[in-house]
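Notes follow the structure.
Naming: A, B, ... by sequence-line order, numbering from 1 per chain. What you see is a predicted model; the values in this text were computed from it and never measured.
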Protein chains: 2
Amino acid sequence: MDRFTRLCKAKGLKITPQRMAVYEALKNSKEHPSADRIHKQLMPTFPSISLDTVNRTLITFARIGIINVVEGQGDPRRFDPNREDHHHFYCLSCTKIFDFHDPDLEQIRIPDQVTRMFTITGKRLCLSGYCNECRHQKAETAAPAN
Amino acid sequence: MDRFTRLCKAKGLKITPQRMAVYEALKNSKEHPSADRIHKQLMPTFPSISLDTVNRTLITFARIGIINVVEGQGDPRRFDPNREDHHHFYCLSCTKIFDFHDPDLEQIRIPDQVTRMFTITGKRLCLSGYCNECRHQKAETAAPAN
DNA sequence: TATTAAATAGGATTAATACGTATTTGTCAA
DNA sequence: TTGACAAATACGTATTAATCCTATTTAATA
Ligand SMILES: [Mn+2]
Ligand SMILES: [Mn+2]
Ligand SMILES: [Zn+2]
Ligand SMILES: [Zn+2]
């Protein structure tokens, strides 16, 4: 019994072709797709799958801990299949999210004042700016940010 | 000449009653409002102001550096008038964002590999979980997250 | 194989944001 | 102080994301 089947059983979720398809689309991906993106990706091989189902499935997966919802800046909700502890760089131009790791950052200590006040389930360093592809375009086209 | 007037002049922006109203609404706020929230807040004293103008104004303010856009998890775009270096806790239940500071975190070192690859304009520790108000409700109503 | 609750598809709705444009208005130079 | 003009606004429309509704299908279980 594979990981996916095990997880579904444990949470009392039915194993449907739709859920399997979404799981397969996410597995091994290092991207941070939106529901719409996953839906488009599945359409060729699974034309009958609905966007609503993809969206519900992703939210369900996030709820049971198969994936995470990640931080964006007002754009469509993004999901992250990478459950390792890691950090993010967010490109303000193309909205791509890049993972990075750093041993030093693993030991970030959260102030007691904060841990007392909140129940913390997620912790991550969020960087933003312009990715390599975008910073060049930017210099030509747009005015600088400040 | 006040800070707002100075900033607008420097960036070649006209000083309009709408922009002044939005600026006043943000100033001194420690919240992280959406465009809609600011619009609702202004309606009583400025009934003719349009949501479109509020939204455009906020985006303009973010562009010239008066405010920032902050990370959410798929909810409407949120703005942050607090330009001090600080960090965030995001409540997964009520979506409120809380500021916190920490001298230790000021010196977070970003790996060279990352600074080489990207132009970084923002850096922040992003925590998520449940705020004090929400974690109690949660115990009663909803099933645990995992 | 029959039962049943869960899940899906797809249409409708709501909400957030952006766009198009006629009109208004702040700015600046005469 | 005024007039010209580009910038900004209001508001209607369009687009997009997300959710809701419900008839139908289907996975799980006995
Ligand atoms: Mn990631
Ligand atoms: Mn803040
Ligand atoms: Zn980019
Ligand atoms: Zn809360």
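- The separation between A/M20 atom CE and C/dA7 atom P is 14 Å, rounded to whole Å.
- In the set D/dA10, C/dA16, D/dT26, the nucleotide with an atom closest to the side chain of B/P76 is C/dA16.
- Between B/Y23 and B/F61, the two ring planes are perpendicular [angle over 60°; tilted spans 30° to 60°].
- Out of C/dA18, C/dT27, D/dA10, the shortest distance to the side chain of B/R77 is found at C/dA18.
- Put simply, B/R56 has no side-chain N or O that comes within less than 4.0 Å of OP1 or OP2 on C/dA18.
- Distance from the side chain of A/P17 is smallest for D/dA27 among the nucleotides D/dA27, C/dA7, D/dA7.
- Straight-line distance from the CD1 atom of B/I38 to the P atom of C/dA16: 14 Å, rounded to whole Å.
- For the residue pair A/D99/A/H32, the side-chain donor-acceptor check at 3.5 Å is satisfied.
- Taking the side chain of B/I15 as heavy atoms from C-beta on, and the options C/dT27, C/dA7, D/dA8, the nearest nucleotide is C/dT27.
- For the pair A/D75 CG and D/dA18 C1', the interatomic distance rounds to 14 Å; values are reported in whole Å.
- Within 4.0 Å (heavy atoms only), B/S34 reaches no atom of the nucleic acid at all.
- In the hydrophobic clustering of ILVMFWY residues, with side-chain heavy atoms under 4.5 Å counting as a link, B/L51 and B/I59 come out apart.
- When the side-chain nitrogen and oxygen atoms of A/T53 are compared with OP1 and OP2 of C/dA9, one or more of them lie within a distance under 4.0 Å.
- For A/Q18, no side-chain nitrogen or oxygen approaches OP1 or OP2 of D/dT26 to under 4.0 Å.
- Relative ring orientation between B/F118 and A/F89 is described as parallel, the plane-to-plane angle staying below 30° on a 0-90° scale split at 30° and 60°.
- As a whole-Å value, the separation of B/H39 NE2 from C/dA16 C1' is 13 Å.
- A sub-4.0 Å separation between OP1 or OP2 of C/dT8 and a side-chain N or O of A/T16 is present.
- Nearest nucleotide to the side chain of B/N55, out of C/dT8, D/dA18, C/dA18: C/dA18.
- For A/I59, whose side chain is taken as the heavy atoms from C-beta onward, the closest listed nucleotide among D/dT9, C/dA7, D/dT19 is D/dT19.
- Shown here for A/P111 and B/D102, the closest heavy-atom pair between the two residues is CG-OD2, 3.2 Å.
- Comparing D/dA8, D/dC21, C/dA18 against the side chain of A/D52 picks out D/dC21 as the nearest.
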